[in-house]
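Notes follow the structure.
One-based numbering, in listed order, for ligands and for the atoms of each.
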Amino acid sequence: MTETTFEVVIVGAGNAALCAALSAEENGARVLLLECAPKDLRGGNSQFTAGAFRFAYNGVDDLKSVMPDLSDREIETTDFGTYTEDQFFDDMFRLTQYRTDPDLCEILVRCSFETIIWMQKKGVRFVPSYGRQAFKVAGKFKFWGGLAVETSGGGPGLVDSLSECALKRGIHIWYGARALELLFDGAAVTGVRIRREGKIQNISAKSVVLASGGFQANTEMRTRYLGPSWDLAKVRGTRFNTGDGIRMAIDIGASTAGNWSGCHAVGWELNAPEFGDLEVGDAFQKHSYQFGILVNARGERFVDEGADFRNYTYAKYGREVLAQPGHFAWQVFDAKVLHLLRDEYRIKQVTKVSADTLEALAEKLEGVDPQGFLKTVNDYNGSVRTDVIFNPNIKDARSTQGLPLPKSNWANILDEPPFEAYAITCGITFTFGGLRIDTEAKVQNTDYEPIPGLFAAGELVGGIFYDNYPGGTGLMNGAVFGRIAGKSAAKCAAEQF
Ligand SMILES: Cc1cc2nc3c(=O)[nH]c(=O)nc-3n(C[C@H](O)[C@H](O)[C@H](O)COP(=O)(O)OP(=O)(O)OC[C@H]3O[C@@H](n4cnc5c(N)ncnc54)[C@H](O)[C@@H]3O)c2cc1C
């Protein structure tokens, strides 16, 4: 067994880990990142994202400092609106049923803008999220749902630019290096035991940051904590997030926090592979359901498709799909809204049927009772409030009336051929339960005291998300707390000289 020494060792090489590394380095530490994936599969879930970041901004001037190359033409033809800290707090409180840890949430929201600027200065390029978060109405784009910006090149662009910056700053990144356990002398963490190129090695460190993701890719843990049927969910992202960091910390007495039976899960292509595929990225998702209806094997609707903007419902509707008989559903649209469907509906790996009549479509919806489906559409079509104008940019209140399960916005009669339907199942994104940290990202023990030398950030931290999640907050959470963890770890290392 060989022994190597670094000041700060970071487990993982996704967004949270890379932000922690850059922050530790700028605070004077010699840093090593351990990534268990090979280089071509690096970057964890962060690599699979669209790079959408939720942060508070007070108008276009703030956005210009995040995106200095925003053109006058883009500004003229776009209503970016505002997304104030208060709106961000409201979204977090409402969606988590007021359970989010108030101290951690406060930091997430209040540090969101300065952290985006910090990332931009490190070399991450941001662009407006036109394709996904804004529709053009009367010649003008209007952003909705507090999510106006994504990284150039999406998740791969984000991971490339952060990794490149890390290497330029002399940060070491070891690919194919799996952390196995924390070295702990009974009082403090002193390093990490790893396996690299088939050999076990101890890495000594003055502090360790865990940023190795949740346990969504671990079928056994998923079933144990999320419950029956979760073994059958598809994993949207990396196969490497198997809860290792959480387990390693619990093994030395860390406290757990948050919603261990909860997770972020969406409607995902029925025939997608067991884990994410980097060639397809996030395009197995099907996120335009609010413009159609969702039906199960009985042909019945089971959620209010138009309850809110996509950003506020998509992360909890995967669970609803999993709960349906056979764990699948079909999204059904008519010709009026096909132009509003996101790009992911036009990839070749879709389970799609189309027909010129609803009766013909009913016969093609595999696994669905045709009579049940036709009755559902008939009832739904008879209930749409056609007196209200349809507008995809606002919650237009064009609802159904009189149905036991309403559709609250964007309801349109399904009557214009061709009709299209897409089959989905549940795709899990990440788990909500994890380690308990304080506001300096110090991991707490079961007596709620910091474990000296141990810090954590990103998906594996519990207590921030419960039940639901506002789109674009995962990356922001990793960046904010990664930056804090890196700074705290560097400070802890410096104090040991
Ligand atoms: C398809 C998809 C789309 C998404 N889109 C968005 C979006 O647009 N915006 C948004 O905010 N969020 C999005 N998310 C959520 C987002 O990806 C996560 O919240 C975020 O990336 C988590 O970052 P992280 O650094 O904590 O974890 P990750 O990026 O997953 O990094 C964890 C790292 O740890 C490594 N690792 C695991 N175990 C070990 C070990 N034992 N030793 C060494 N390394 C280990 C992994 O290989 C990986 O590199 C999306 C997720 C998916 C799957």
What protein heavy atom is closest to atom 11 (O) of ligand 1, reported as residue, atom name and distance in Å?
L475 N, 2.8 Å

Identity and separation of the nearest protein heavy atom to atom 18 (C) of ligand 1:
E459 OE2, 3.4 Å

Assess whether atom CZ of R169 is packed by more than 12 heavy atoms of other residues, nucleotides or ligands within 6.0 Å.
no

What protein heavy atom lies closest to atom 47 (O) of ligand 1? Include the residue and the distance to one decimal.
E35 OE1, 2.5 Å

Side chains of Q201 and W174, donor plus acceptor under 3.5 Å
no

Restricting to heavy atoms, the pick from N45, L460, T429 nearest atom 51 (C) of ligand 1 would be T429

Are F430 and Y469 close enough that their ring centers fall under 6.0 Å?
yes

Nearest to atom 14 (N) of ligand 1, what protein heavy atom do you find, and at what distance?
T49 CG2, 3.5 Å

Counting only heavy atoms, tell me which of S46, G458, A315, A457 gets closest to atom 23 (O) of ligand 1.
S46

Measuring from non-hydrogen atoms of A177 to any atom of ligand 1, is the shortest distance under 4.0 Å?
yes

In this structure, atom 44 (N) of ligand 1 is nearest to the protein heavy atom C36 N, 3.2 Å

Using heavy atoms and a threshold below 4.0 Å, how should the contact between N477 and ligand 1 be classified: side chain, backbone, both, or neither?
neither

To the nearest 0.1 Å, how far is atom 9 (N) of ligand 1 from its closest protein heavy atom, and which atom is that?
A52 O, 2.8 Å

Looking at F135, F309, Y83, Y130, which hits ring-ring contact (aromatic ring centres under 6.0 Å, His included) with F143?
Y130

Considering both backbone and side-chain atoms of W268, is one of its nitrogen or oxygen atoms within less than 3.5 Å of a nitrogen or oxygen in ligand 1?
no

Do R94 and Y312 meet the cation-pi criteria used here (NZ or CZ under 6.0 Å from the six-membered ring centre, within 45° of the axis)?
yes

With atom 2 (C) of ligand 1 as the reference point, say which of R196, Q216, R236 has the nearest heavy atom.
R236

Side-chain ion pair, K316 and D467, N-O less than 4.0 Å:
no

min-distance protein heavy atom vs atom 38 (N) of ligand 1 -> F240 O, 3.5 Å

N or O contact, G474 vs ligand 1, cut-off under 3.5 Å:
yes

What protein heavy atom is closest to atom 25 (O) of ligand 1, reported as residue, atom name and distance in Å?
A16 N, 2.9 Å

So, 4.0 Å and heavy atoms of A211: is ligand 1 close enough to count as a contact?
yes

Answer yes or no: is there an ion pair linking D101 with R436, defined by an N-O contact shorter than 4.0 Å?
no

Does ligand 1 have an atom under 4.0 Å from some heavy atom of F215?
no

Proximal candidate to atom 48 (C) of ligand 1 [heavy atom criterion; set G276, A179, G44]:
G44

Closest non-hydrogen contact found for L278 with D40 is CD1-O, 3.9 Å

Using side chain to side chain contact (heavy atoms under 4.5 Å, CB included), reason through K442 and E440 one step at a time and then give a plain yes or no.
CA-CA 5 Å; K442 295 176 178 169; E440 292 175 278; 3.7 Å; yes

Quick one: look at F275 and ligand 1, take heavy-atom pairs under 4.0 Å, and tell me if it's side chain, backbone, both or neither.
neither

So, T351 versus N271: side-chain donor-acceptor pair below 3.5 Å or not?
yes

Are any of the side-chain heavy atoms of F240 and R42 separated by less than 4.5 Å?
no

